[in-house]
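All residue numbers in this chain count up from 1 along the given sequence. Quick note: numbers below take in every heavy atom, side chains included, and nothing from hydrogens, waters or symmetry partners. All figures in this text were calculated on a predicted structure; none of them were measured in a lab.
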Amino acid sequence: GGLKYGADYLAYKGDPRMHHAEYMVVVAARNEVIQPSHLVSIGRVGAAASKRGLIASVGDDGIVNY
């Protein structure tokens with residue numbers, strides 16, 4: 001679902017059948033350098049779609065960091 005917004009996933013605060021997605025999630029490698037222009041584009045698309053941009057990565061311990 002997130003590809004429409006240039007994201008990897010959409011995240012919902014409740015049941016997706018009852019709520020619109022609140023977040024667009026972009027997954028990045030733990031040590032990936034994210035260009036400022038990419039951050040700006042995530043913010044702009046999120047604002048246009050009434051969603052918040054969220055960047056996530058998985059640590060070596062398997063825990064997802066936001």
Side-chain angles (χ1 to χ4, degrees):
L3 288 178
K4 178 178 178 180
Y5 302 103
D8 296 300
Y9 299 99
L10 295 177
Y12 302 79
K13 278 200 167 181
D15 185 340
R17 295 173 293 175
M18 305 293 287
H19 300 276
H20 290 285
E22 185 161 334
Y23 302 97
M24 45 184 272
V25 183
V26 175
V27 179
R30 184 170 174 226
N31 296 320
E32 181 178 346
V33 175
I34 300 172
Q35 297 299 318
S37 60
H38 191 194
L39 290 175
V40 169
S41 67
I42 292 168
R44 286 184 178 168
V45 171
S50 299
K51 297 178 186 352
R52 292 181 175 188
L54 184 69
I55 299 173
S57 65
V58 179
D60 293 336
D61 54 6
I63 294 177
V64 178
N65 299 294
Y66 301 96

Report task. Give a yes or no on whether Tyr66 and Ile63 share a hydrophobic cluster (residues Ile, Leu, Val, Met, Phe, Trp, Tyr; joining criterion: side-chain heavy atoms under 4.5 Å apart). Result -> no
Query raised in the report: Is it true that Tyr9 and Val64 fall in one hydrophobic cluster, defined by side-chain heavy atoms closer than 4.5 Å?
Result: yes
Requested in this report: Not counting sequence neighbours, which residues clear side chain to side chain donor-acceptor pair (under 3.5 Å) with Asp61? List them please.
Outcome: none
Compare all side-chain heavy atoms of [X] with those of [Y] and state whether any distance is below 4.5 angstrom.
{"X": "Glu22", "Y": "Lys13", "result": "yes"}
{"X": "Val33", "Y": "Gln35", "result": "yes"}
{"X": "Leu39", "Y": "Ile34", "result": "yes"}

Which pair of non-hydrogen atoms, one from [X] and one from [Y], has the smallest distance, and what is that distance?
{"X": "Asp60", "Y": "Arg30", "value": "OD2-NH1, 2.9 Å"}
{"X": "Ala56", "Y": "Val25", "value": "CB-CG1, 4.0 Å"}
{"X": "Ala28", "Y": "Ile55", "value": "CB-CG2, 4.1 Å"}

Query raised in the report: Is NZ or CZ of Lys51 both nearer than 6.0 Å to the six-membered ring centre of Tyr5 and within 45° of the ring axis?
Result: yes
Query - Inter-residue atom distance Tyr12.OH - His20.NE2, 0.5 Å rounding - result: 9.5 Å
Report task. Identify which one of Leu54, Ile42, Asp8 satisfies the side-chain contact (heavy atoms from CB on, under 4.5 Å) criterion when paired with Met24. Result -> Ile42
